[in-house]
Asker: 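One structure, as structure tokens, below. Some questions next.
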Amino acid sequence: MAIEKLIMMNVVGKNEYVDQVIRDILLFENIQVVDAYNEIEKFRFSMSITDKHMDEIEGFSEARSGLNSKNSEEFSNKAKLLKELYDKEYKIDKNILKGDLHIEQVIKTVNDLYEETHSQHENLKRYEYELEEIKKSIQAYQFLSSANVEMERINHLENFHYAIGTFSKENISRLKRNYSRITAIVVHVGALKNEEVYVVIWPKDLEVETNRILKSLNFHKLEGIRKEYKGTPSEIVSMLKNTKEDLEKKISKIYSEIKKIKEEYREKSNYAYNVLHLYEKIYQVKKKMAFSKEYFYFSGWIPVRLKQEIKTVLSKYKEIHIMFDDEDKNQNRFPPTRLKNNWLFKPFESFLKMYGIPSYDEVDPTPFLSISYLFLFGFMFGDVGQGLVFFLVGMLLTHIKGMKSAAVLSRLGISSIVFGFLYGSVFGFETILPALWLKPFDNINTLLIVSIGIGVILLTIGYIYGMINNYKMKDYYNMILSDNGLIGLMLYFGLLLLVVALFTGNRIISLGVLGVIVVVLIAILFMKEPIIQKLSHQKEQLDGNFFVESFFEIFEILLSIFSNTLSFIRVGAFALNHVGLFVAFETLAQLIESGVGSTIVYIIGNIFIIGLEGLIVGIQALRLQYYELFNKYYIGGGEEFKAAKL
């Protein structure tokens with residue numbers, strides 16, 4: 001449950017086995033490739049200087065970027081055909097790629113398959129294109145079929161132009177309101193989904209004005225009208241339908257022929273498909289490598305815990321050198337961030353990534369985000385039955401549909417079930433189970449006060465997280481003196497105690513002492529910049545705007561302290577709303593003097609609550625995370641670790 005420690009790995013080896021090394025790196029699936037040429041240019045490509053490494057070091061001077069690597073264009077075009085034929089039928093099989101690769105066999109398979117299917121495939125694409133054009137023409141001419149006129153006469157009018165196209169319903173209203181200013185005849189001939197089809201006829205002399213008006217009304221011309229088609233629209237449609245049938249027969253025949261060839265080559269093509277995919281990935285990795293006449297140079301980030309494992313994988317190659325930078329050198333780089341969380345917290349990483357990836361030196365907030373989000377959701381949506389629905393839907397989508405992000409639903413379901421027992425609620429009914437804690441509607445004040453208490457606890461943890469982040473980043477001044485640091489936390493509790501003392505009379509510290517403490521803390525925040533400059537021995541002069549800016553900054557800090565805390569009252573409000581919404585459906589069900597009718601209302605009510613209110617509560621819980629908590633501790637700005645893989 002942390003951000004995994006990474007280290008820079010540099011590899012130098014002979015060009016003769018570079019493809020095999022990259023294959024092993026891709027199969028390893030735990031290395032993010034870095035531009036090695038850039039590392040060399042910036043003198044960051046580490047290598048111990050020994051007699052053993054002299055040849056490789058001398059090669060640095062002639063190292064060139066892997067962007068210069070080339071592929072055979074002719075063979076690539078042939079390989080594309082294989083991909084088009086089998087792309088949705090094959091999956092990458094790592095077991096195939098772990099063994100010896102027979103490139104000659106792949107080349108032969110690609111060439112043979114190309115020779116046998118190329119002409120059919122080209123004909124197929126041509127026929128499919130023609131078929132789509134025929135369909136467009138049939139659609140267009142069908143709208144004109146009621147006009148028993150030769151299209152040749154219409155196409156060769158001396159003084160008029162015409163077009164057939166669509167207007168949206170909104171633009172039809174605009175069209176009707178402006179008939180008097182339209183420089184064309186507009187005739188309705190049919191409809192397409194949410195649009196109406198019209199024929200527009202206008203004088204050639206008014207071409208510019210008409211086109212401007214049609215453009216303003218978002219007139220979309222229908223494709224398919226061809227001057228080469230002779231006869232009436234009905235005759236043209238009949239002719240086109242015959243052509244369409246012929247094309248469909250030709251396409252079906254070619255599909256059958258290609259399918260037969262595909263079956264003959266299925267085993268060989270599967271192997272070729274996998275190998276070609278591997279070499280495509282190898283080519284992409286090579287673009288980020290550097291090469292000299294004899295050696296390749298590779299750089300990449302790898303988890304520290306896997307250092308020995310990758311050395312074992314690559315040590316089988318002769319004269320290969322694997323080096324790791326000291327972790328201290330990471331200070332001059334910006335390592336990517338790889339989150340490392342257990343099965344419980346892992347699904348909540350998606351919420352974090354929507355906001356931004358944590359920086360490498362930051363504390364991973366996923367555990368705190370997960371626990372607090374689950375707690376807030378369950379508090380607002382506590383119900384055993386409805387929570388069970390969430391749990392089952394989440395499990396179904398995760399394990400049957402393979403939607404990993406849906407695992408959040410199952411966890412939210414468990415939280416809802418737990419609070420459902422605390423509230424004694426099952427599908428909205430509060431008479432089936434006894435409440436282990438309280439009934440929300442019977443304890444409104446308690447619920448709202450507890451909500452504020454939850455906010456105080458979560459915000460306090462947020463302050464602590466923020467101070468830990470500042471400590472990790474060695475930003476000690478802000479850890480203590482900032483509004484989200486120690487002084488900010490002390491001011492937060494000072495104001496809370498002051499409010500409690502004023503409204504309840506409960507005084508842990510006398511009001512006078514408490515007031516002095518709050519004023520001193522505000523003064524420290526107000527003078528934070530001069531204090532930091534003094535402590536860090538800086539001699540920068542404060543400009544005339546300092547006091548104005550500091551005043552408004554303090555005002556914003558005080559306002560956010562109260563607003564962030566009071567925002568958590570919505571947690572209790574939504575818990576009450578959850579109960580109140582079911583009460584509304586329950587009242588409606590009781591008004592229906594029918595057992596079946598009442599049951600239907602209860603079912604509809606629960607569906608509505610689970611679907612709509614569940615979504616709203618989920619968004620509210622996320623809003624509290626993003627706006628109230630994250631601004632206390634979350635920095636972000638990191639780059640996600642993306643391992644090279646197949």
Asker: Pair Phe630, Tyr627 - check ring-ring contact (aromatic ring centres under 6.0 Å, His included), show working.
Answerer: CA-CA 6 Å; Phe630 273 20; Tyr627 293 100; 9.7 Å; no
Asker: Which pairs of donor and acceptor atoms, one on a side chain in residues 604-612, lie under 3.5 Å apart (sequence neighbours left out)?
Answerer:
{"unit_1": "Asn606", "atom_1": "OD1", "unit_2": "Gln386", "atom_2": "NE2", "d": "2.7"}
{"unit_1": "Asn606", "atom_1": "ND2", "unit_2": "Phe427", "atom_2": "O", "d": "3.4"}
{"unit_1": "Asn606", "atom_1": "ND2", "unit_2": "Tyr602", "atom_2": "O", "d": "3.0"}

Asker: Is the backbone of Asn631 close enough, under 3.5 Å, to the side chain of Asn484 for a donor and an acceptor to pair up by distance?
Answerer: yes
Asker: Determine whether Asn478 and Lys528 make a side-chain contact, defined as any pair of heavy atoms from C-beta on separated by less than 4.5 Å.
Answerer: yes
Asker: Going by heavy atoms in the side chains, are Leu491 and Val518 under 4.5 Å from each other?
Answerer: yes
Asker: Only one of Phe574, Phe568, Phe419 forms a ring-ring contact (aromatic ring centres under 6.0 Å, His included) with Phe379, so which one is it?
Answerer: Phe419
Asker: Could you report the tightest heavy-atom contact between Pro365 and Pro358, atom names first, then the distance?
Answerer: CD-CG, 4.0 Å
Asker: Please tell me if the side chains of Asn38 and Arg44 come closer than 4.5 Å, counting only heavy atoms from C-beta onward.
Answerer: yes
Asker: Decide whether Asp361 and Ser359 meet the rule of one side-chain donor and one side-chain acceptor closer than 3.5 Å.
Answerer: no
Asker: Who are the salt bridge (charged side-chain N to carboxylate O under 4.0 Å, His left out) partners of Lys353, not counting sequence neighbours?
Answerer: Glu640
Asker: Go through the side-chain N and O atoms of Asn10 and Glu39 and say whether any donor and acceptor fall under 3.5 Å apart.
Answerer: no
Asker: Which pairs count as ring pair (Phe, Tyr, Trp, His ring centres under 6.0 Å) when at least one residue sits in residues 494-522, sequence neighbours excluded?
Answerer: none
Asker: Is it true that a side-chain atom of Arg570 and a backbone atom of Ser567 form a donor plus acceptor pair closer than 3.5 Å?
Answerer: yes
Asker: Does the Ser425 side chain pair with the main chain of Gly420, one donor and one acceptor, at a distance under 3.5 Å?
Answerer: no
Asker: Which residue pairs satisfy the salt bridge (Lys or Arg N to Asp or Glu O under 4.0 Å) criterion with at least one member in residues 604-633, sequence neighbours excluded?
Answerer: Arg623-Glu628
Asker: Using atom types as modelled, flag every donor-acceptor pair under 3.5 Å from a side chain in residues 445-468 to any protein atom, sequence neighbours excluded.
Answerer:
{"unit_1": "Ser451", "atom_1": "OG", "unit_2": "Leu447", "atom_2": "O", "d": "2.9"}
{"unit_1": "Ser451", "atom_1": "OG", "unit_2": "Gly572", "atom_2": "N", "d": "2.8"}
{"unit_1": "Thr460", "atom_1": "OG1", "unit_2": "Val456", "atom_2": "O", "d": "2.6"}

Asker: Just so I know, are the side chains of Leu624 and Ser372 near enough to count as touching, which here means a heavy-atom distance under 4.5 Å?
Answerer: no
Asker: Just by distance, do the side chain of Tyr360 and the backbone of Arg338 share a donor-acceptor pair under 3.5 Å?
Answerer: no
Asker: Considering only heavy atoms from C-beta outward, does the side chain of Phe298 approach that of Met9 to under 4.5 Å?
Answerer: yes
Asker: Within the supplied structure, the quantity of interest is the number of heavy atoms (other residues, nucleotides, ligands) at a distance under 6.0 Å from Phe551 CZ; does it exceed 12?
Answerer: no
Asker: If you compare all heavy atoms of Phe345 against all heavy atoms of Pro367, which two are closest, and at what distance to 0.1 Å?
Answerer: CE1-CB, 3.8 Å
Asker: For atom OH of Tyr355, is the number of surrounding heavy atoms from other residues, nucleotides or ligands below 6.0 Å larger than 12?
Answerer: yes
Asker: Counting distance only, does the side-chain N/O of Asn469 pair as donor-acceptor with the main-chain N or O of Val363 below 3.5 Å?
Answerer: yes
Asker: Quick one: side chain to side chain contact (heavy atoms under 4.5 Å, CB included) partners of Leu498, sequence neighbours excluded?
Answerer: Leu502, Leu511, Leu514
Asker: Any non-hydrogen side-chain atom of Leu438 less than 4.5 Å from a side-chain atom of Tyr423?
Answerer: yes
Asker: If we ignore hydrogens and angles and just use 3.5 Å, is the side chain of Lys439 paired with the main-chain N or O of Glu430 as donor and acceptor?
Answerer: yes
Asker: Would you say that Leu558 contacts Leu495 through its side chain, given a criterion of any heavy-atom pair below 4.5 Å between the two side chains?
Answerer: yes
Asker: Can you find a heavy atom in the side chain of Phe493 that is under 4.5 Å from one in the side chain of Leu489?
Answerer: yes
Asker: Would you say Glu29 has more than 12 foreign heavy atoms packed within less than 6.0 Å of its CD?
Answerer: yes
Asker: How many angstroms lie between CG in Leu217 and NZ in Lys215, if you round to the nearest 0.5 Å?
Answerer: 12.5 Å
Asker: Has the side chain of Glu309 got a donor or acceptor atom that lies under 3.5 Å from a matching backbone atom of Leu306?
Answerer: no
